[in-house]
S.K.: 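Structure provided below as structure tokens; questions to follow.
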Amino acid sequence: MKMNHEISLGLSLLTLWLLLSGLYTALLVSLGLASVVLVVYLANRMDVVDREGHPFHLKLMSIFGYWAWLLKEIVLANLDVSRRILHPDLPISPSIVRIQCTQPDDLGKVIYANSITLTPGTVSLEVDERGIEVHALSKEAAETLKKGEMDRRVTEMSTL
Amino acid sequence: MIITATTIAIVIAMAIALVRAYLGPTTYDRILAVNLFGTITVLFISMFGFMTGRPDFLDIALVYALINFIATIAVLKFFEYGDLSPGRTPEQERDI
Amino acid sequence: MNILAELLAYACLVSGAFFVIVGAIGVIRMPEFYTRLHAASVTETLGSILVIAGLVLLAGFSLVSVKLLMVLLFILFTSCTAVHALAKAAIHGGLMPETDDDD
């Protein structure tokens with residue numbers, strides 16, 4: 001199992017290196033290969049090559065589906081927050097709400113909390129076993145989050 | 001033409017972010033403003049590369065984005081614990 | 001270059017610059033720290049998405065676009081983590097958010 005993660009880490013590092021370099025001579029590619037091997041060795045020694053550090057068990061297609069949905073949500077939330085910023089009266093009503101999260105593992109919770117933070121209008125303050133404490137810019141944003149559609153989508157993606 | 005206009009707008013946004021860093025009032029406001037300034041700087045470097053026709057600047061933007069993040073986390077850790085050494089207890093290590 | 005792609009790129013750049021400035025104005029206008037976090041994330045999400053999207057459309061299909069998308073990915077990944085760390089550090093540092101709650 002660990003071997004799979006090492007191979008996957010090496011391949012993604014190699015792709016990254018080839019894309020960033022843009023120069024494909026024998027010397028440079030072999031130097032790149034050497035550094036990839038070194039990094040995989042060091043990551044192995046640091047014990048960070050595992051299911052959490054390199055989560056290829058998430059379904060790839062569902063990640064892109066989720067990103068597309070998240071992008072739509074981000075655009076809508078941005079328009080709302082921009083309207084509030086530019087409104088002369090500054091119509092904000094900050095509140096703190098507690099959101100239930102139904103993800104089985106830590107990785108799912110991290111994805112959910114980061115998605116909440118990435119959406120303007122809501123920032124996750126504290127994450128623990130049972131739920132997430134969220135600071136919302138407006139009551140509407142908090143209500144949208146409480147409906148739990150994002151929670152459902154993340155859970156769907158992070159369970160096999 | 002439009003690229004130049006966008007670059008100028010981004011520079012104006014950088015100046016506004018610096019005003020918040022100057023006004024404060026709390027330390028966290030200043031860190032937020034500097035973090036925002038860094039993000040806008042990444043955009044500025046990318047725009048500048050296109051403006052002068054040298055896309056090599058993108059490598060610098062990439063590195064700047066990563067350093068900006070590490071700097072924010074490092075300053076936060078410094079203000080919370082007073083030094084940058086690894087956490088003395090597992091609780092502290094988990095906190096940041 | 002395709003004239004349509006170019007027009008779309010300029011539209012993206014102009015609206016991206018608009019959102020970058022709106023976010024910066026929000027950081028000045030908002031009354032306290034936790035509300036400023038929301039304003040800053042306008043710049044960091046839609047502002048950078050639109051500016052980078054405009055540049056990708058200008059660059060066309062090449063290694064430059066790949067690097068631009070990587071810059072965008074790093075901005076999105078790091079900004080939400082940094083904002084969360086900032087909010088958490090502020091809570092631990094004793095800065096309490098003002099809320100409009102009735103209870």
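Letters A, B, ... mirror the listed sequences (proteins, then strands); counts begin at 1.
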S.K.: What's the spacing between L118(A) CG and E44(C) CD if we round to 0.5 Å?
M.R.: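 Here the rounded value is 9.5 Å.
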S.K.: Side chain from CB out, backbone as N, CA, C, O: work out which of these in I116(A) comes under 4.5 Å of a heavy atom of chain C, or both, or neither.
M.R.: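 Answer is neither: I116(A) stays 4.5 Å or more from chain C.
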S.K.: On a heavy-atom basis, which atom in C80(C) and which in T117(A) lie closest, and how many Å separate them?
M.R.: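 Looking at all heavy atoms of both residues, the closest pair is O-CG2, 3.5 Å.
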S.K.: Do the side chains of H38(C) and H135(A) get nearer than 4.5 Å, heavy atoms only?
M.R.: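 The answer is yes; the side chains approach within 4.5 Å.
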S.K.: Can you tell me which of T119(A), V123(A), V81(A) forms the most heavy-atom pairs within a distance under 4.5 Å of chain C?
M.R.: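 Highest number of pairs under 4.5 Å: V123(A).
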S.K.: Relative to chain C, which of L71(A), L137(A), L16(A) shows the most heavy atom pairs under 4.5 Å?
M.R.: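 Of the candidates given, the most pairs with chain C belong to L137(A).
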S.K.: Is any side-chain heavy atom of K67(C) less than 4.5 Å from a side-chain heavy atom of L20(A)?
M.R.: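 K67(C) reaches L20(A) side chain to side chain.
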S.K.: Atom CZ of R36(C) and atom CD1 of I85(A): how far apart are they, to the nearest 0.5 Å?
M.R.: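 Reported value, rounded in 0.5 Å steps: 12.0 Å.
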S.K.: Which atoms of L86(A) are under 4.5 Å from chain C, going by heavy atoms: the side chain, the backbone, both sets, or neither?
M.R.: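 When you check distances to chain C, atoms from both the backbone and side chain of L86(A) fall under 4.5 Å.
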S.K.: Select one option (side chain, backbone, both, neither) describing which atoms of S115(A) are under 4.5 Å from chain C's heavy atoms.
M.R.: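 Neither; nothing under 4.5 Å.
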S.K.: With chain C as the partner, which of G121(A), A113(A), A136(A) has the greatest number of non-hydrogen pairs under 4.5 Å?
M.R.: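 Heavy-atom pair counts peak at G121(A).
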S.K.: Can you tell me which portion of T35(C) sits under 4.5 Å from chain A's heavy atoms? Options are side chain, backbone, both or neither.
M.R.: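 Both parts, backbone and side chain.
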S.K.: So for I49(C), is it side chain, backbone, both, or neither that comes closer than 4.5 Å to the heavy atoms of chain A?
M.R.: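 Just its side chain gets close to chain A.
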S.K.: Can you find a pair of side-chain heavy atoms, one from T45(C) and one from P120(A), that are under 4.5 Å apart?
M.R.: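 Side-chain contact under 4.5 Å: yes.
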S.K.: Quick one: does E126(A)'s side chain get under 4.5 Å of H84(C)'s, heavy atoms only?
M.R.: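 No; the side chains remain at least 4.5 Å from each other.
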S.K.: So for L46(C), is it side chain, backbone, both, or neither that comes closer than 4.5 Å to the heavy atoms of chain A?
M.R.: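 Contact with chain A involves both backbone and side-chain atoms of L46(C).
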S.K.: Would a 4.5 Å heavy-atom cut-off, applied to side chains only, mark F77(C) and N114(A) as touching?
M.R.: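 Result no, sub-4.5 Å side-chain heavy-atom pair not found.
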S.K.: Which atom pairs, donor and acceptor, lie under 3.5 Å between side-chain atoms of residues 13-23 of chain C and protein residues at least two apart or in another chain?
M.R.:
from	atom 1	to	atom 2	distance (Å)
S15(C)	OG	A11(C)	O	2.8
S15(C)	OG	C12(C)	O	3.2

S.K.: Which distance, rounded to the nearest 0.5 Å, do you find between the CD1 of I92(A) and the CZ of R29(C)?
M.R.: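 Atom-to-atom, I92(A):CD1 and R29(C):CZ are 9.5 Å apart.
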